[in-house]
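Notes follow the structure.
Both backbone and side-chain heavy atoms feed into the values below; hydrogens, waters and symmetry mates do not. Please read all numbers here as calculations on a predicted model, not as lab measurements.
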Amino acid sequence: MEFKLVHKTLDTCPPYMALSYTWGEPVFPHKIEIDGQPFPITANLHDFLEQFACHFKEAEEGSSVSYWIDAICINQLDDPERGAQICYMKEIYQRATTVDAWLGNSSEKTDFALGKLKEWYDYLKPFLVHLEDGESGDSILDGLLSANDRFIGPQGSVAYKTWEAINELLERPWWTRSWIVQEATAKSHSAVYLNYGSARVPWVGIKLLSLVIGRLAQWKNLDIFAFICNRNWRVSIIDIARVMRYDRETPSGLRHF
């Protein structure tokens with residue numbers, strides 16, 4: 001894979017996308033080419049760039065896409081630069097046209113879960129504007145959930161298997177990063193996407209999932225409640241990411257490739 005590193009300020013840079021991801025183990029088994037020079041990268045970043053290359057392989061000849069990726073755009077061997085760039089993070093993610101969160105390659109379970117989440121979203125979408133309206137929203141959501149067996153069911157049911165698959169989605173290391181609060185909420189939810197392999201999920205889909213889990217967790221007589229409570233859910237991080245905002249203004253300047 002070949003790339004070019006371009007130096008710009010935030011005020012003069014072309015449209016770009018920003019990547020949110022985990023580094024994984026601090027080893028660099030893969031190399032890409034930047035400005036004709038080999039550049040070592042981690043396995044997780046390599047996996048994303050492979051998907052990125054496949055996604056844009058049909059782009060018109062001569063066209064380009066700009067991405068901001070910390071491991072490449074920040075000199076990781078320069079401690080003063082690394083420290084200074086931390087102050088720019090909010091604005092970098094705010095000004096990106098989209099934020100792509102890379103959660104790793106897909107699996108049979110994640111593909112199944114993502115398909116079901118899309119079904120849920122399509123079913124609940126007409127009611128989204130009302131679902132966060134306090135007690136009224138809770139009442140509406142309770143009625144929607146109880147009236148449809150796609151959300152709840154005994155062990156072995158499709159609904160139960162869906163929750164098992166969703167659990168795998170939420171156990172990816174990305175959910176444990178403290179930085180996701182800033183990275184995932186810097187942009188409007190409509191401009192943030194979660195990426196599992198070749199699948200892209202809008203952040204609003206995860207927001208909806210957090211609402212569903214919140215209500216189901218209060219139905220203590222359901223088998224699904226016991227399943228949720230006995231799993232290592234990362235839902236608290238999702239909830240934090242929905243409401244957290246950083247108000248501190250930062251200076252501008254970045255590099256993208």
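The aromatic rings of Trp102 and Phe48 sit perpendicular to each other, their planes meeting at more than 60°, with 30° as the lower class boundary. Using cut-offs of 30° and 60° on the angle between ring planes, the pair Phe151 and Trp120 is tilted.
Here the CH2 atom belonging to Trp174 is positioned 12.5 Å from the CG atom belonging to Asn44, to the nearest 0.5 angstrom. Rounding to the nearest 0.5 Å places CG of Leu169 at 8.5 Å from CH2 of Trp175. Of the inter-residue distances, the one linking Ile34 atom CD1 with Leu5 atom CG reads 6.5 Å to the nearest 0.5 angstrom. Interatomic distance, Lys4 NZ to Ser66 OG, rounded to the nearest 0.5 Å: 10.0 Å. A distance of 9.0 Å separates NE2 of His7 from SG of Cys73, quoted to the nearest 0.5 Å. Between Tyr193 atom OH and Ser20 atom OG the span is 15.5 Å, to the nearest 0.5 Å.
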Open item on the list: Could you go through Asn167 and Lys109, starting from their C-alpha distance and side-chain angles, then the distance that decides it, and tell me whether this counts as side-chain contact (heavy atoms from CB on, under 4.5 Å)?
Closed with: CA-CA 9 Å; Asn167 185 60; Lys109 274 192 174 182; over 6 Å; no
Open item on the list: Let's go through Lys116 and Ile166 carefully: what are the C-alpha distance in whole Å and the side-chain angles of both, what is the deciding distance for side-chain contact (heavy atoms from CB on, under 4.5 Å) to 0.1 Å, and is it a yes or a no?
Closed with: CA-CA 9 Å; Lys116 290 300 180 182; Ile166 288 174; 5.9 Å; no
TODO: Go through Phe28 and Phe39 one step at a time and tell me if the side-chain contact (heavy atoms from CB on, under 4.5 Å) criterion holds.
DONE: CA-CA 9 Å; Phe28 306 87; Phe39 189 94; over 6 Å; no
- [ ] List the steps, then state whether side-chain contact (heavy atoms from CB on, under 4.5 Å) holds for Ile32 with Leu45.
- [x] CA-CA 10 Å; Ile32 58 175; Leu45 180 53; over 6 Å; no
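Closest of all the heavy-atom pairs between Thr97 and Met17 is OG1-CG, 3.6 Å. Taking all atoms of both residues into account, the shortest heavy-atom contact from Arg95 to Asp11 is NH1-OD1, 2.9 Å. Taking every heavy atom of both residues into account, Arg172 and Leu103 meet most closely at NH1-O, 2.9 Å. Pro14 and Lys8 make their closest contact through CD-CG, 4.2 Å (heavy atoms, listed as atom of the first residue, atom of the second, distance). Across Tyr21 and Asp70, no two heavy atoms sit closer than the pair OH-OD1, 2.8 Å. For Ala43 against Pro29, the heavy-atom pair with the smallest separation is N-CD, 4.0 Å.
Although no hydrogens or angles enter the test, the distance criterion places no donor-acceptor pair under 3.5 Å between the side chain of Gln85 and the main chain of Ile74. In this structure a side-chain-to-backbone donor-acceptor pair under 3.5 Å is missing from Asn105 to Gly197. Looking at Tyr16, its side chain never comes within 3.5 Å of a backbone N or O of Thr98 through a donor-acceptor pair. Distance alone, capped at 3.5 Å, places no donor-acceptor pair between the Tyr93 side chain and the Val99 backbone.
Looking only at side-chain heavy atoms (C-beta outward), Gln51 and Asn195 stay at 4.5 Å or farther from each other. The side-chain heavy atoms of Tyr196 and Glu168, taken from C-beta on, include no pair separated by under 4.5 Å.
Leu117 and Phe112 fall into different hydrophobic clusters, where Ile, Leu, Val, Met, Phe, Trp and Tyr are joined by side-chain heavy atoms under 4.5 Å apart, directly or via other members. Tyr123 and Val158 fall into different hydrophobic clusters, defined by Ile, Leu, Val, Met, Phe, Trp and Tyr side-chain heavy atoms under 4.5 Å apart, directly or through other members.
Less than 6.0 angstrom separates the ring centroid of Tyr67 from the ring centroid of Phe52.
Between Lys118 and Asp122, at least one side-chain N (NZ, or NE/NH1/NH2) sits under 4.0 Å from a carboxylate O, which counts as a salt bridge.
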